[in-house]
Amino acid sequence: MTILLVLSFLNAFWNIISSLVMYLMSPIMVEMMKNGQVEGMMTSYSALLGEEQMQMAMDGMKIMAQIDPKYWLFQLILFVGSLVGVIRMFKGNKTGLHIYAVSQILMLINASVYLYPKQPQSNFASELLLTLIFILLYYLYFKRMETSDNLPQNLDQP
């Protein structure tokens, strides 16, 4: 259980930072794409990356520039909620599971609204499966803790 919580903590913490950076950088990236500055920067890396890798990077940046900055803001808020849920679960508080689950489900909805329509290949199925696995494992852990708390403490007495 501790390993899952640590993984969830690291995921939330990393994504809080990346969502904040992307929210702040989105308008700048869009402007750089419009001015052709990104292509100019990427041509200097073409010898290092190769033409195919450079084109993939450019395509990725074009997709990122099309994403509404509200997506990153919502992700930031939801990852903060996820982090709060993980910290509460770490302390044994079952409400942390609810906060975590709601945050994760809202993240999938947020991506379905802002991100997946712009991506040629969607990761929705794998992200949904991973989210459900983590929520289920956390749920089973708290369920087991509830049943172990309800067991009689002294088995010698009737």
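Note that the numbering runs from 1 along the sequence shown for the chain. Just so it is clear, the values below take in all heavy atoms, side chains as well, and ignore hydrogens, waters and symmetry mates. Just so it is clear, the structure is predicted and the values come from calculations on it, not from any experiment.
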Around atom CZ of Phe90, are there more than 12 heavy atoms from other residues, nucleotides or ligands closer than 6.0 Å?
yes

Taking Ser26 for its side chain and Tyr23 for its backbone only, find out whether a donor-acceptor pair lies under 3.5 Å.
no

Parallel, tilted or perpendicular: which fits the ring planes of Tyr138 and Phe134, with parallel below 30° and perpendicular above 60°?
perpendicular

Would Phe13 and Ile3 show up in the same hydrophobic cluster when neighbours are defined by side-chain heavy atoms closer than 4.5 Å?
no

Same apolar cluster (I L V M F W Y, side chains within < 4.5 Å links), Trp72/Trp14
no

Worked verdict on Gln75 versus Asn110 for side-chain hydrogen bond (donor to acceptor under 3.5 Å, both in side chains)
CA-CA 7 Å; Gln75 286 295 97; Asn110 187 38; 2.9 Å; yes

Validation row: Met32, Asn35 side chains within 4.5 angstrom (heavy atoms)
no

When you group the ILVMFWY residues by side-chain heavy-atom contacts below 4.5 Å and let the links chain together, are Met145 and Val86 in the same group?
yes

Non-hydrogen side-chain atoms of Phe74 and Met107 separated by less than 4.5 Å:
no

Donor-acceptor pair, side chain of Ser8 and main chain of Leu4, under 3.5 angstrom
yes

Taking the side chain from Ser19 and the backbone from Ile16, do they hold a donor-acceptor pair closer than 3.5 Å?
no

Can Met22 and Met29 be said to form a side-chain contact (heavy atoms from CB on, under 4.5 Å), step by step?
CA-CA 9 Å; Met22 288 304 296; Met29 190 165 54; 3.9 Å; yes

Given side chains that start at C-beta, do those of Lys91 and Arg88 come closer than 4.5 Å, heavy atoms only?
no

Can you check whether Asn15 reaches Ser18 side chain to side chain, under 4.5 Å on heavy atoms?
yes

Counting only heavy atoms not in Tyr139, do more than 12 fall under 6.0 Å of its OH?
no

Just by distance, do the side chain of Asn93 and the backbone of Met89 share a donor-acceptor pair under 3.5 Å?
no

Does the side chain of Tyr116 come within less than 4.5 Å of Glu127's, by heavy atoms?
yes

Measuring only between side-chain heavy atoms, which start at C-beta, is Ser103 closer than 4.5 Å to Phe79?
no

Going through the checks in order, is the side-chain contact (heavy atoms from CB on, under 4.5 Å) test met by Leu5 and Phe9?
CA-CA 6 Å; Leu5 286 170; Phe9 178 87; over 6 Å; no

Under the side-chain contact (heavy atoms from CB on, under 4.5 Å) criterion, do Ile28 and Glu31 qualify, and how do the steps go?
CA-CA 5 Å; Ile28 297 167; Glu31 192 61 34; 5.8 Å; no

Do the side chains of Ile133 and Leu137 get nearer than 4.5 Å, heavy atoms only?
yes

